[in-house]
Amino acid sequence: MSIKVNNKDFNVFLDELSKKYKIFAPIRLEKRGRLSDTDMIRYGEIKQVEDIVWDEKSTFSPKEVFQPITQTLFYFTEDEYKEPKIDDKKIIVFLRPCDINGVRRHDTIFLKNGKIKDNYYKQIRSKIKFVMIECKKSFENCFCVSMDSNVTDDYAMAVRFKKGSALLEIKDESLNKTFTENNIKGETVEFTPEYVQENKVKVTPPDVDKMPQGIYKHEMWKEYSTRCIACGRCNTACITCTCFTTSDLFYDDNKNVGERRRVWDGCQIDGFTDMAGGHSFREKHGEKMRFKTMHKVYDYNKRFGEHMCVGCGRCDDICPEYISFSNCINKVTDIV
């Protein structure tokens with residue numbers, strides 16, 4: 001079903017959906033950007049269509065919706081442990097095609113990477129429906145076309161935003177039922193979402209079957225040892241970075257009672273490779289950059305048959321040292 005609705009009726013639709021779903025979309029946080037007097041666009045819960053920032057790229061990806069930055073795995077006492085309750089409410093997320101393809105990478109890592117599925121991820125992921133924000137125009141630093149991540153049909157609903165109205169393609173039966181049963185006004189139209197066909201940034205990923213062993217010791221990585229400051233902003237902004245660390249938190253009133261949490265971590269962050277006995281590896285920042293790059297365009301591809309990076313360009317957007325990951329991929333390809 002494809003329909004055109006004005007914002008007022010769209011808000012009626014969202015209000016009805018909010019009775020069963022938590023609805024997340026890119027929102028604007030004023031004066032919270034990387035530079036003074038700039039805004040941050042980040043995912044948050046919305047109540048009305050006017051809350052959604054649909055004409056700018058979000059600073060951070062939507063992964064914090066389904067992979068919390070800090071997540072309690074279980075509570076423990078001296079004698080037992082107990083997993084926390086999961087909110088029964090389902091989730092709707094407004095996101096772009098590259099991010100939907102990025103979530104699929106999460107599914108691969110947590111649900112298809114061996115015999116055992118990550119149940120904590122599975123519980124949240126099973127409740128999510130995607131609303132795809134049509135993306136016809138490339139933003140700065142995007143290279144999704146080069147990574148074959150500019151197109152997807154994995155969505156419950158697609159939306160083309162306009163000033164004061166929106167076009168909706170509703171594929172999911174439950175969403176369609178919510179729309180029709182509440183007599184929400186709308187005009188039947190022909191609408192098929194379009195996708196960006198060209199980015200200003202061009203990336204040529206390396207041929208994984210021709211990767212020379214010597215790439216790991218190549219001189220190019222030394223440049224990043226002098227430039228990268230290991231802040232990890234590229235990891236936290238990335239839709240496909242999935243790494244985390246775990247820690248036990250003991251309560252002050254009883255040192256034998258507490259909770260185990262997992263918290264986002266990343267290969268660019270100092271301490272990520274620390275081991276028992278005070279050992280560590282990949283201590284140089286260039287070595288960290290090498291590991292991240294090769295994982296995104298080589299290791300993951302060799303195992304699962306596609307590149308991990310989806311070309312959203314957020315790593316380039318957010319790096320305080322203006323390091324270009326897309327340029328790094330091209331350098332590797334030139335060497336190969």
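Here the side chain of R104 pairs no donor or acceptor atom with the backbone of I100 at under 3.5 angstrom. Checked by atom type and distance alone, the side chain of N11 pairs as donor or acceptor with a backbone atom of N7 at under 3.5 Å. Under a 3.5 Å cut-off, the side chain of E134 and the backbone N or O of P193 do not form any donor-acceptor pair. Side-chain N or O atoms of Q67 include none that pairs as donor or acceptor with a backbone N or O of K63 at under 3.5 Å. Between the side chain of W264 and the main chain of T245, no donor-acceptor pair closer than 3.5 Å is present. A donor-acceptor distance shorter than 3.5 angstrom exists from the side chain of D51 to the backbone of Q48, with no hydrogens or angles considered. In this structure, the side chain of D99 does not engage the main chain of P62 through any donor-acceptor pair within 3.5 Å.
Note that the SG atom of C238 and the CZ atom of R233 stand 14.5 Å from one another [nearest 0.5 Å].
E283 and K288 are not joined by a salt bridge, as no carboxylate oxygen comes within less than 4.0 angstrom of a charged side-chain nitrogen. Ion pairing between a basic and an acidic side chain is recognised when a charged N comes within 4.0 Å of a carboxylate O; E16 and K177 show no such pairing. Taking 4.0 Å as the cut-off between side-chain N and carboxylate O, K129 and D172 count as a salt-bridged pair. By the 4.0 Å N-to-carboxylate-O rule, E194 lies close enough to R160 to be salt-bridged with it. With salt bridges taken as basic N to acidic carboxylate O contacts below 4.0 Å, one links E198 and K202. Under 4.0 Å is where a charged nitrogen must lie from a carboxylate oxygen, and between E223 and R227 at least one such pair does. In summary, D252 and K255 engage in a salt bridge, as defined by a charged side-chain N under 4.0 Å from a carboxylate O.
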**Q.** N101/R105 under side chain to side chain contact (heavy atoms under 4.5 Å, CB included): CA gap, chis, key distance, verdict
**A.** CA-CA 7 Å; N101 284 309; R105 270 64 166 181; 3.7 Å; yes

Q.
Please evaluate residues D107 and K117 with respect to the criterion salt bridge (Lys or Arg N to Asp or Glu O under 4.0 Å), reporting the C-alpha separation (whole Å), side-chain torsions for both, the decisive distance (0.1 Å), and the verdict.
A. CA-CA 10 Å; D107 293 345; K117 298 180 179 181; over 6 Å; no

Q: Tell me, with the steps shown, if N235 and C243 meet side chain to side chain contact (heavy atoms under 4.5 Å, CB included).
A: CA-CA 9 Å; N235 293 142; C243 291; over 6 Å; no

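With sequence neighbours excluded, no residue forms a salt bridge (charged side-chain N to carboxylate O under 4.0 Å, His left out) with D15. In this structure, Y75 has no ring-ring contact (aromatic ring centres under 6.0 Å, His included) partners at least two apart in sequence or on a different chain. For C228, the side-chain contact (heavy atoms from CB on, under 4.5 Å) criterion is met by Q268, H285, I323, not counting sequence neighbours. Qualifying side-chain contact (heavy atoms from CB on, under 4.5 Å) partners for D79, counting only residues two or more places apart in sequence or in other chains: T77. Legend: residues meeting salt bridge (charged side-chain N to carboxylate O under 4.0 Å, His left out) with E219, ordered by chain and number and at least two apart, are K222. For D248, the salt bridge (charged side-chain N to carboxylate O under 4.0 Å, His left out) partners are R260, not counting sequence neighbours.
Annotation: ring pair (Phe, Tyr, Trp, His ring centres under 6.0 Å) contacts involving residues 231-253, sequence neighbours excluded, comprise F76-F250.
Criterion: ILVMFWY side-chain heavy atoms under 4.5 Å apart, direct or through other members. Under it, F60 and Y43 are not part of a common hydrophobic cluster.
Through direct or indirect side-chain contacts shorter than 4.5 Å among Ile, Leu, Val, Met, Phe, Trp and Tyr, F281 is connected to M275. Under a 4.5 Å side-chain heavy-atom criterion applied to ILVMFWY residues, the cluster that includes L167 comprises V189, F191 as well. V53 belongs to a hydrophobic cluster whose remaining members, ordered by chain and number, are I41; membership requires side-chain heavy atoms of ILVMFWY residues under 4.5 Å apart, directly or through intermediates.
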Please tabulate, one pair per line, all N/O donor-acceptor pairs under 3.5 Å involving side-chain atoms of residues 22-31, not counting sequence neighbours.
unit_1	atom_1	unit_2	atom_2	d
K22	NZ	D87	OD2	3.0
R28	NH1	D39	OD2	3.3
R28	NH2	E56	OE2	2.4

What side-chain donor-acceptor pairs closer than 3.5 Å can you find for residues 205-217, not counting sequence neighbours?
unit_1	atom_1	unit_2	atom_2	d
D207	OD1	D209	N	2.9

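Using bins of under 30°, 30° to 60° and over 60° for the plane-to-plane angle, the ring pair F161/W54 lands in the parallel bin.
A pairwise comparison of heavy atoms in P97 and I133 identifies CD-O, 3.6 Å as the closest pair. Looking at every heavy atom in both residues, V93 comes nearest to I91 through CG2-CG2, 3.7 Å.
Between H307 and Y300, a ring centre-to-centre spacing not shorter than 6.0 Å is recorded.
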